[in-house]
Amino acid sequence: MESLEVEAGESSKSVEVLNQLWEALSELKADRSSLLVNVGGGVITDLGGFLASTYMRGIDFINFPTSLLAQVDASVGGKTGINLGHSKNRIGLFQEPLFTGIWNFFLESLSQVERLSGFAEMLKHGLVSDKNHWQELCDFSVLSEHPNSALIQKSVEIKSEIVKSDFRELGLRKILNFGHSIGHAYESLSLEKDIPLPHGFAIAHGMMAEAILSSKYLGLPEKDMNEIVFQMQSKFPEIPFDYEADELMDFIKGDKKNIEGKLNFSLLSSMGKAEFNVLVEEEDVINVLQFMKSNA
Ligand SMILES: NC(=O)c1ccc[n+]([C@@H]2O[C@H](COP(=O)([O-])OP(=O)(O)OC[C@H]3O[C@@H](n4cnc5c(N)ncnc54)[C@H](O)[C@@H]3O)[C@@H](O)[C@H]2O)c1
């Protein structure tokens with residue numbers, strides 16, 4: 001068995017690192033019967049899955065996700081890929097691992113920041129599909145302890161169930177993008193500014209903004225919108241850099257989910273229920289971004 005290591009951090013999800021890994025596999029004489037074992041956070045499961053799926057037209061891989069975010073989200077559902085410059089997950093493909101092993105003990109060494117980052121995606125699973133899960137998570141003291149296996153399992157089940165009905169994200173799976181149109185823009189801007197922003201923090205801020213849009217576009221009750229904003233604000237720190245709404249809009253307009261130049265979001269109609277392919281006006285997004293900035 002041989003091991004390959006990559007630097008921690010989003011910058012490893014790049015074509016340069018991928019190229020080094022392809023060459024390393026080739027030098028190690030990996031062949032089509034080789035098995036790639038990905039041990040790490042979402043960067044590793046995304047990058048390693050893509051590496052395995054493209055080397056020699058695809059070799060088998062298995063995942064041992066070690067961060068909470070990778071356990072409940074990145075390693076579930078078969079999306080693999082890398083970033084193109086500052087554009088998140090622009091290059092990738094759908095390929096399921098042979099096996100995914102989720103072990104709670106990995107989380108013992110995880111920092112509070114990384115725990116919160118994963119927790120954001122768990123909250124999202126509750127918001128888009130299961131109000132009880134959302135409530136359980138809101139009652140959980142994530143600032144002081146790791147979610148237990150039962151909560152992790154529930155989150156994995158919610159995502160797996162959605163993915164099962166729409167592996168290639170042609171319909172229902174798009175609801176998992178709630179918070180991501182705006183969240184990915186924060187994340188891309190953090191890459192551009194070279195100021196780290198954990199994935200889940202970006203998505204939490206995206207969910208706040210998109211909850212406000214949900215109220216306007218799908219009639220999400222104001223009480224629910226306020227609860228979402230309150231929960232996100234009380235758990236997640238502010239965006240760690242200054243920005244203009246226009247800078248975020250450049251990324252939002254380039255989002256791969258958009259249809260014929262129209263901004264295409266997944267939004268909530270109620271707590272635990274989401275809709276996809278909601279076309280949103282640019283002006284409304286700018287207003288929400290400006291509101292978020294002035295209320296930070
Ligand atoms: N494929 C998908 O469906 C999907 C879904 C969500 C997110 N993602 C991707 O996942 C990535 C984010 O995942 P992440 O938050 O795990 O990032 P990450 O892989 O960068 O891990 C975050 C940090 O935690 C460290 N770490 C990981 N496991 C640890 C452990 N057990 N103990 C101590 N430190 C540990 C890592 O070294 C890193 O510094 C992003 O690139 C995002 O785009 C993919």
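Counting starts at 1 for both ligands and their atoms, in listed order. Excluded from the calculations below are hydrogen atoms, water molecules and symmetry mates; all remaining heavy atoms, backbone and side chain alike, are included.
- Separation of atoms CD (E96) and CG (L98) is listed at 10.0 Å; rounding is to 0.5 Å.
- Looking at ligand 1, you'll find an N or O of S67 within less than 3.5 Å of one of its N or O atoms.
- In this structure, the side chain of S188 does not engage the main chain of A185 through any donor-acceptor pair within 3.5 Å.
- Taking every non-hydrogen atom of E114 and a distance limit under 4.0 Å, the qualifying atoms of ligand 1 come out as 15 (O), 22 (C), 23 (C), 24 (O).
- Nearest-heavy-atom check against atom 33 (C) of ligand 1 across G40, S109, A70 picks out S109.
- In the candidate list F106, F105, F64, F106 is nearest to atom 31 (N) of ligand 1, counting heavy atoms.
- More than 12 heavy-atom neighbours from other residues, nucleotides or ligands sit within 6.0 angstrom of CZ on F167.
- Here the protein heavy atom with the shortest distance to atom 43 (O) of ligand 1 is K88 NZ, 2.7 Å.
- Those atoms of ligand 1 that come under 4.0 Å of a heavy atom in A8, given as number and element, are 37 (O), 39 (O).
- Of all atoms in ligand 1, listed by their number and element, those nearer than 4.0 Å to a heavy atom of K159 are 3 (O).
- The closest protein non-hydrogen atom to atom 9 (C) of ligand 1 is D46 OD2, 3.4 Å.
- With no hydrogens or angles considered, no side-chain donor-acceptor pair links N258 and K253 at under 3.5 Å.
- Annotation for ligand 1: atoms under 4.0 Å from non-hydrogen atoms of N89 are 43 (O).
- Taking distance alone, with nitrogen or oxygen atoms compared against 3.5 Å, V43 approaches ligand 1 more closely than that limit.
- Ring geometry for H184 versus H199: interplanar angle of 30 to 60°, hence tilted.
- Checking only distances, G42 does come within under 3.5 Å of ligand 1, N or O to N or O.
- Side-chain polar atoms of W134 and E227 form a donor-acceptor pair below 3.5 angstrom.
- Of all protein heavy atoms, the one closest to atom 4 (C) of ligand 1 is A74 CA, 3.3 Å.
- For atom 25 (C) of ligand 1, the nearest protein heavy atom lies 4.0 Å or farther away.
- Residue-environment remark: NZ (K193) exceeds the threshold of 12 foreign heavy atoms within 6.0 Å.
- Proximity of H184 to ligand 1, defined as any heavy-atom pair under 4.0 Å, is not found for any part of the residue.
- Near T66, with a cut-off below 4.0 Å to any heavy atom, the atoms of ligand 1 are 27 (C), 28 (N), 29 (C), 30 (C), 31 (N).
- Close approach to K13 involves these atoms of ligand 1, each under 4.0 Å from a residue heavy atom: 9 (C), 40 (C), 41 (O), 42 (C), 43 (O).
- In this structure, the protein non-hydrogen atom closest to atom 6 (C) of ligand 1 is D73 OD2, 3.3 Å.
- A salt bridge links K88 with E187: at least one charged nitrogen is closer than 4.0 Å to a carboxylate oxygen.
- Using a 4.5 Å heavy-atom cutoff, the side chains of V37 and F64 are in contact.
- Because its NZ or CZ atom is both nearer than 6.0 Å to the ring centre of Y243 and within 45° of the ring axis, K293 counts as a cation-pi partner of that residue.
- Using a 4.0 Å cut-off between charged nitrogen and carboxylate oxygen, D60 and R32 do not count as a salt-bridge pair.
- Close approach to E10 involves these atoms of ligand 1, each under 4.0 Å from a residue heavy atom: 40 (C), 41 (O).
- For ligand 1, the atoms lying closer than 4.0 Å to a non-hydrogen atom of G41 are 16 (O), 19 (O).
- When only interatomic distances are considered, the shortest N/O to N/O separation between K79 and ligand 1 falls below 3.5 Å.
- Under a hydrophobic clustering in which Ile, Leu, Val, Met, Phe, Trp and Tyr are joined whenever their side-chain heavy atoms come within less than 4.5 Å, directly or via other members, L143 and M208 fall into the same cluster.
- Protein heavy atom at the shortest distance from atom 12 (C) of ligand 1 is L69 CD2, 3.6 Å.
- No salt bridge links E169 with K257; every basic N to acidic carboxylate O contact stays at or beyond 4.0 Å.
- When N83, T45, V72, L110 are checked for heavy-atom proximity to atom 35 (C) of ligand 1, L110 turns out nearest.
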